[in-house]
Structure formats: structure tokens, C-alpha cells
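Reading through the C-alpha cells given below for one structure.
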Amino acid sequence: MKQTKRNSKSLILKYIIKIFFVVNTFSVTSISWAKIKDILPTGLQIGFDVPRPLYYRWKEKTGWQYEVNGSIDFKQVLLEGDYGWGSILRKNPSGKRTSLAENIGQYFRIGLSYNFIKNSPDHNAAYLGMRYSKAYFKDYLYGKLAREKNEKGKEITPFWEDDSLADIDQQAKLQAHWFEIIGGVRVKVWGWIYAGCTARYKFAKKITIRTQNPFDIIGWGMNDEDAFGANFYIGIRIPLQAISSKQSTEEIATPSK
Amino acid sequence: MRFLKINYTHYYLFTAISLVLLLNFNGCRDLQDCRSIYTNEVWIEFKGETKLEINKLKYHKPANKHSAYKKDKPGNEILNNLKDEKLRIYLHPKNNIVSLLFYKAPVDPTAPKPAPDTLTIFYKRIFSLLSPYCGLQEEYIIGKVETTFAGNKIIKPALRNKKYETDQEEFKKPNIEIYY
């Protein structure tokens, strides 16, 4: 009898331990899953800068430029990347000294942003971030050297006769990289369609191989010490965590006690 | 009801930022200003314990660059450019080398003339568009200096117009120092 009682006790203990392990395992898994959900992306956005080609082609009259934008939302953090391509042509107005500079190439930007709008049911975003950018381009240069001018704007007779007036015709494959501080807003327009705008301050530019100095750099703009830029884009945002977004909507709708 | 819950602040923010960005950021450079920040004028300063006695100074044709030097410029004497141990010379816009000959005043007029001292400047030229209205410009960067004087030091390799030297200390420095 004693033996049977001992056996049944040990059996019960075994079951209790098993149940404890199962419950524990389930609870651990559920915590991990919640944590994993927090880490997983909530949405993917792909956009196109619509006014960019029109602005550079018809207003600036420097050629076509295009840019696409991609973004993955991780709760408050956005992993963003841009890719752009096109050309920037500068040509002398009629009646002026012959000169032409063209910059043709492509660039990309990659970086992180922090979204300051929390739990927006529409997944609107107001963000600040940093970007690393790199451009690969060909730079063409053609024309005559400008006559040096004095402080009053009068031409100085060159010391070396008219050698300086010979035509220059050269091209070079160059690279440039720089950093950007960006700020922007993204708002829902309708359904999955979103509109956004980003302002950029570009700085710390370096031209890696320097055989000629480009007037413009694709993705950067006019080759100055620093530059500002802006993008307006329209795109679609594909939700990757539909349930969690619903939950957050409900959280917003129900005020906390 | 769902419509009423939209947070319009985001949309106001979007509109405000869009309007600000519509202002043109590109209009900062005056494209009709044809004054270049670059120059081909080099400032050389001679440093020695005694006064530098030179009675003839001229450009010298480098052996392999005959065709690029036009007319009589290379033979021209530029002694007037040498004042108070300071010399201003011009780099050639189509070469990467400029040479000078310095003829010292003989101590004994009857003795045979000593060989002149030489100064050769090797430099890099970088082209760029000054502006579509003005044409192209050249930037000069001194790479190496060779001389028969006692020594030399490149202080400011990039040649800039004086009026664009913002730093007063930099403004006072020559491009090259020659020790004799």
C-alpha cells in the first residue's frame, strides 16, 4: 500500500512539474512574441518624388531628375532609403562666353529617422533623422576660361597672352559622399496612399577623386560648402502588422482611465 | 464619427512645412558675378640673413614645354616683381610647371659669371565652371618646389585671390618660402 501511495505521489509531482514547465514555456513564448512584435516592422512605404522631374525640367531648366523613396517603419524608428538619378546641365545663355557643364549620374541615401507621433491611427509621422549619401557621376566640362576681373569688375589683361582662351573639353568619372540632417512629415491621404515632404540640410561633402571640380553634384545640388534640399513625395504604405495597428487604433479610441 | 477623430495637427504641420519648402533654396549664388576666387599669382618670400642681391630674374622655358610658351613672355625679366625679398609670379594656365632663373649680382665684375639659381614650381590645375554666364575657371594647387637655393617650404599650396582670404593670419602668409 505504502509503495502504491508513494508511486501515486511521485506521479502527481511529475505532472505538477510538467504542467509548471508547460505554463512557464507558454508564458515565456508569449512574452518573447510580444517583444518580437515590437521589433518587427509595422509598415513598408514606397514613394516617388512627383514634382522633382517637373521642377528641374521646366523651372530650373537643368534637365530631368527622378527620385524614389522607401521606408520601413519600426514603431517609432523609420529605416529610410532614397535612390535618385538624372542629369544637371548648365549652359551659357546666348551672347555669353561659351561654357557648358553637365553632371550625369545616380545617388542613394540611407539612414534612420525618429517619428515623434506615437500611436497615430493613420500612421502619420513627423520625424527627424540622419542620412548618409553617396553619388556616382560623370562630369563634363566644355568652354573657354573666363577673363579674370578686378574688384571693379574690369577684365585684367592676362600675363600669359591668349593661351588661356583655348577651348577646354574634358570629362571625369567622380564620386561624392556627404551627410544630411532631415526633418519631415508624412500624412495619410486616402487608403494606403500617403503624401510626405522632407527638408534636408546637407553637409560634410567630400569629392573622392578630384580631377575637375563639378559645378553641380547629382543629389547634392550646386557644389557649395553646404546645401539645403527638399522632397515632396506620394507613395503607398503597406501595413505589415494589421492586427497591431487595429489594437493601437482601439487604444487611441478608448481613453485610458 | 471616425472622421471626427482625425488629428488635424499633422495635416497643418504638413501644409506648413510644404509651404516653407516651396521657397527656393537654390538662389543663393550670384551666377552673374564673374570674379573667381582662384588666381595664378604665387607669392614667394625669400628668407636669409643677408639681403638678397639679384640683378636679373626671368622665366625659363622648361625643356619639354617650348610650344606652350607663346611670344617673348618666358624671356621677360620680372625683376620689378621682386621687392623686399617678396616675389609675385604667375603660373602658366596651360602647363603644370613654371621655372625661374635668378642671376646674382657678381661681387667681382672681372670674375666669370656664376650659374644662375633656379626655382621650379610643379602644380596641379583643376578646371571648373565659374558660372554659365562667365565661363570656366582654373584652380592652381602647388605640388612640389625644386630650387638650387638652400631650401624651400610650401606654406599655402592652394592659390586664392587676396580678397577671398577670410583669415587675417592666413592673409599674411606667402605661398612659398625660399631659404638662401
Side-chain angles (χ1 to χ4, degrees), chain A residues 60 90-93 96-101 117 120-122 124-126 141-151 153 158-164 166 168 170 183-188 195-199 210-216 221-224 227-232 252-253, chain B residues 1-2 5-7 9-26 28-29 31-36 38-41 68-74 76 78 89-95 124-139 141 161 163:
Chain A
E60 290 284 310
R90 304 274 179 180
K91 205 178 170 185
N92 61 299
K96 296 285 174 187
R97 189 176 290 270
T98 311
S99 55
L100 185 149
I117 299 176
S120 164
D122 290 331
N124 292 344
L141 208 53
Y142 175 78
K144 290 181 190 298
L145 281 175
R147 288 275 202 187
E148 207 177 323
K149 291 193 174 183
N150 63 18
E151 283 168 22
F159 181 80
W160 294 105
E161 302 296 326
D162 282 339
D163 268 348
S164 54
I168 287 143
Q170 62 181 48
V185 180
R186 176 188 74 195
V187 289
K188 185 179 180 176
C197 62
T198 307
R210 197 160 166 253
T211 48
Q212 63 192 50
N213 210 7
F215 191 78
D216 293 284
M222 219 178 264
N223 186 6
D224 289 326
F228 285 97
N231 291 92
F232 295 88
I252 297 290
Chain B
M1 285 303 285
R2 170 78 184 82
K5 283 194 184 100
I6 292 172
N7 186 348
T9 317
H10 307 160
Y11 293 88
Y12 295 143
L13 196 63
F14 173 73
T15 314
I17 292 175
S18 301
L19 286 171
V20 169
L21 296 181
L22 279 172
L23 296 169
N24 195 353
F25 283 120
N26 294 328
C28 300
R29 200 194 281 184
L31 295 178
Q32 302 212 21
D33 184 359
C34 293
R35 290 171 301 170
S36 174
Y38 308 123
T39 179
N40 62 342
E41 191 181 310
Y69 283 72
K70 276 189 179 176
K71 298 189 179 173
D72 59 350
K73 284 285 180 189
N76 269 8
I78 48 165
I89 61 152
Y90 299 93
L91 300 185
H92 195 278
K94 298 213 86 177
N95 283 332
K124 192 165 80 171
R125 292 173 296 128
I126 297 169
F127 289 103
S128 59
L129 181 70
L130 175 57
S131 102
Y133 290 85
C134 311
L136 308 184
Q137 62 181 348
E138 248 180 322
E139 181 184 357
I141 297 166
N161 262 325
K163 54 184 173 285

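Each chain gets a letter, A, B and so on, in the order the sequences are listed, and its residues count up from 1.
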Nearest-0.5 Å distance, CG of residue A:L145 to CG of residue B:N40: 10.0 Å
Residues forming a side chain to side chain contact (heavy atoms under 4.5 Å, CB included) with A:N92, sequence neighbours excluded: A:K96, A:S99
A:L141 side, atom CG; B:L136 side, atom CG - distance, nearest 0.5 Å: 5.0 Å
Nearest-0.5 Å distance that lies between atom OG in B:S131 and atom CE in A:M222: 9.0 Å
CZ on B:R125 to CD1 on A:I168, rounded to 0.5 Å: 8.0 Å
B:P132 side chain reached by A:R90 side chain, heavy atoms, under 4.5 Å: yes
Residue pair A:P93 / B:Y133: nearest heavy atoms and the distance that separates them: CG-CE2, 3.4 Å
Least distance between heavy atoms, B:Y38 atom then A:N213 atom: OH-ND2, 3.8 Å
Segment of A:A125 engaging chain B (4.5 angstrom heavy-atom cut-off): neither
For B:E139, all residues meeting salt bridge (Lys or Arg N to Asp or Glu O under 4.0 Å), sequence neighbours excluded: A:R210, B:R160
Contact summary for A:Q170 and B:F127, nearest pair of heavy atoms: OE1-CD1, 3.6 Å
